[in-house]
Amino acid sequence: LTAELSELAAYGGTVKGQAKLDGAGTALAADVAMQVDKVDVGALVKAATKGKAPAKGIASGSLEASGRGASPRALAESLKAHLKADLGGIEVANKQAAALTELKLEADLPGLGAAPSLKADLIYNQEPVTLDLALAPVREMLSGGPFPLTAKVASALVTAVYEGKLRRQPVPGLDGRFNLDVASVGKLAAWLGRPLPEAQPNPGPLKVEAMLAGDGQIVTLQEAKITGRDLQATAKGSYDGSGEVPRFRAKLNIEELDADAYLPPPAEKRKGAAPQQQPEEQTRAGTQGWSEEPLDLAALHQARGDLRIE
C-alpha cells in the first residue's frame, strides 16, 4: 500500500510526502517521508481556531520514519524516526515568550532499544542559544526507574550542564553533577528581562559546581562550590519528603565575601543624593513607605528544617 502526496499548497508554503506499508513478505514494513516548506503557522492556527493566532512564524521541516516487524506490535517497537523543524520569524503575543524569534529542532528516535537525542538552536533576545539533550533508551525510560540524562544549555552569557541520572520515584530528583557558568550576572539578568537596579553593581562572573544524590525520598546536595569575583562559598544540604511535613537541612559556608560588590552603594555616594539629614529626620524618613499589612508566613508550615550560615 502506497500513499503519495506530490505537492500540496498550504498557507503560503507546500507539503509533500510518501507513505508505504508492505505486508507481502514475512514481516510488515513501513516507510514514511514528509517535507514541509515555508508554511505560515499564524495563518494555519488562525484558520484552525477561527480566531486570533497567539503566534506567528514560517515553518519548514522533514520527517523520516521506518520500521520492520512480524506483527503490528513488533513493527511499532522497531520504528526509527528522524525529525527536523525550522521555525523562523516568530512573533508571540505572550510578552515573556516574545523574545524568542527563531527555533530549529532536530530529534533522533532510533527505536525502543536505543537512546534518543534532541538538539535545538534558538535566538532568544537576539542571543543564540543551543540545547543538547541525550536520554536513555526508551525501554529504560518507560521502566519507571532512574535513567541516564545529559543536558546542556549554552550561550555567550551562560552555560549549564547536567550529567547523571533522573529519578522519578518515590520523589523526583537528580543524581549527578551540575555545573553553571555565568559570564556576567548583570548582563544575564538584563538578557532575561530582569535587569538589576540601576544603583546595584554588576556582581560579574559566577560559577556553581554541585553534586546531587538521591536515596529513596531523600534528595541530597552532597557538595556545592560557589565562586564569584568577590565570593567564595560552599554548601551542603538535604531534603526529606518521606514525612507528612517535608524536612530540610542546609549549611552555607562563606569563605570570602565582599558585600560592597553585591549591594547598592550608600545613599550619600549616589549621584544626586539628597542632603544629609539630622538623626530625627532619618528616623521619620526611614519609617515612611513601610506597609502596615501583616506578613503571611503560612508557607513556613509547609516544611521544617535547619539552615546554618557560617
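Note: Lys20 NZ to Ser66 OG = 12.0 Å, rounded to the nearest 0.5 Å. Note: Leu131 CG to Lys119 NZ = 10.5 Å, rounded to the nearest 0.5 Å. How far CZ of Arg167 is from CG of Leu212: 10.0 Å, rounded to the nearest 0.5 Å. The distance from atom OH of Tyr239 to atom CG of Leu221, rounded to the nearest 0.5 Å, is 15.0 Å. Lys251 contributes atom NZ, which lies 6.0 Å from atom CG of Asn253 (distance to the nearest 0.5 angstrom). Atom CD of Glu64 and atom CG of Asp108 lie 11.0 Å apart (nearest 0.5 Å).
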How far apart are the C-alpha atoms of Leu118 and Glu106, what are their side-chain angles, what is the distance that settles it, and do they pass the side-chain contact (heavy atoms from CB on, under 4.5 Å) test?
CA-CA 6 Å; Leu118 172 68; Glu106 185 169 357; over 6 Å; no
Evaluate the side-chain contact (heavy atoms from CB on, under 4.5 Å) criterion for residues Val15 and Val39: first the C-alpha distance (whole Å), next the side-chain angles of each, then the deciding distance (0.1 Å), finally the verdict.
CA-CA 8 Å; Val15 180; Val39 171; 4.3 Å; yes
Please report the C-alpha distance between Leu87 and Ile58 in whole Å, then the side-chain angles of each, then the deciding distance to 0.1 Å, and finally whether the side-chain contact (heavy atoms from CB on, under 4.5 Å) criterion is met.
CA-CA 6 Å; Leu87 183 59; Ile58 304 299; 5.8 Å; no
Are Leu257 and Asp230 close enough, and set up right, to give a side-chain contact (heavy atoms from CB on, under 4.5 Å), and what steps lead you there?
CA-CA 6 Å; Leu257 173 62; Asp230 300 282; 6.0 Å; no
Begin with the C-alpha distance, continue with both residues' side-chain angles, and end with the deciding distance and a verdict on salt bridge (Lys or Arg N to Asp or Glu O under 4.0 Å) for Glu310 and Arg308.
CA-CA 7 Å; Glu310 299 180 352; Arg308 296 177 59 188; 2.6 Å; yes
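Within the 4.5 Å cutoff, the side chain of Leu196 has heavy atoms near those of the Pro203 side chain. Residues Val153 and Thr130 fail the side-chain proximity criterion, which asks for heavy atoms closer than 4.5 Å. Asp37 has its side chain within reach of Ser60: a pair of non-hydrogen atoms, C-beta onward, lies under 4.5 Å apart. Side-chain contact between Glu102 and Lys104 is present, with heavy atoms from C-beta onward closer than 4.5 Å. Within the 4.5 Å cutoff, no side-chain heavy atoms of Leu180 are placed close to those of Lys207. Between Leu174 and Leu166, some side-chain heavy-atom pair lies under the 4.5 Å cut-off.
In the hydrophobic clustering of this structure, Leu100 groups with Val129; members are Ile, Leu, Val, Met, Phe, Trp, Tyr whose side-chain heavy atoms approach within less than 4.5 Å, directly or through other members. Both Ile226 and Phe178 are part of a single hydrophobic cluster, where members link through side-chain heavy atoms under 4.5 Å apart. There is a path of hydrophobic side-chain contacts, each under 4.5 Å, that joins Leu192 to Leu206. Hydrophobic clustering (ILVMFWY, side-chain heavy atoms < 4.5 Å, transitive): Leu83 and Leu79 are in distinct clusters. Two different hydrophobic clusters hold Leu109 and Val32 under the rule that ILVMFWY side chains link at heavy-atom gaps under 4.5 Å.
Between Gln232 and Thr227, the closest heavy-atom pair is NE2-CG2, 3.3 Å. What you find for Leu21 and Ala30 is that their closest heavy atoms are CD1-CB, 4.1 Å. Residues Val138 and Gly111 approach most closely at CG2-O, 4.0 Å, considering heavy atoms. Listed here is the closest heavy atom pair of Asn125 and Ala190: ND2-O, 4.2 Å. Across every non-hydrogen atom of Leu252 and Ala233, the tightest pair is CD1-CB, 4.2 Å. Across every non-hydrogen atom of Leu28 and Pro72, the tightest pair is CD1-N, 4.0 Å.
The closest donor-acceptor contact from the side chain of Tyr162 to the backbone of Lys165 lies under 3.5 Å. Judged purely by atom type and a 3.5 angstrom limit, Trp191 has no side-chain atom pairing as donor or acceptor with the backbone of Gln126. One N or O on the side chain of Ser155 and one on the backbone of Leu157 form a donor-acceptor pair closer than 3.5 Å. A donor-acceptor pair under 3.5 Å is formed between the side chain of Asn202 and the backbone N or O of Gly186.
Around the CD atom of Glu198, the shell of radius 6.0 Å holds no more than 12 heavy atoms that belong to other residues, nucleotides or ligands. Around CD of Gln222, the count of heavy atoms belonging to other residues, nucleotides or ligands within 6.0 Å exceeds 12.
Using a 4.0 Å cut-off between a side-chain N of Lys or Arg and a carboxylate O of Asp or Glu, Asp306 and Arg249 qualify as a salt bridge. For the pair Arg68 and Asp31, the salt-bridge criterion is met [side-chain N within less than 4.0 Å of a carboxylate O].
Leu135 is linked by a side-chain contact (heavy atoms from CB on, under 4.5 Å) to Pro116, Leu133, Met141, Phe147, Leu149, counting only residues two or more places apart in sequence or in another chain.
For residues 133-152, the set of pairs meeting the side chain to side chain donor-acceptor pair (under 3.5 Å) definition, not counting sequence neighbours, is empty.
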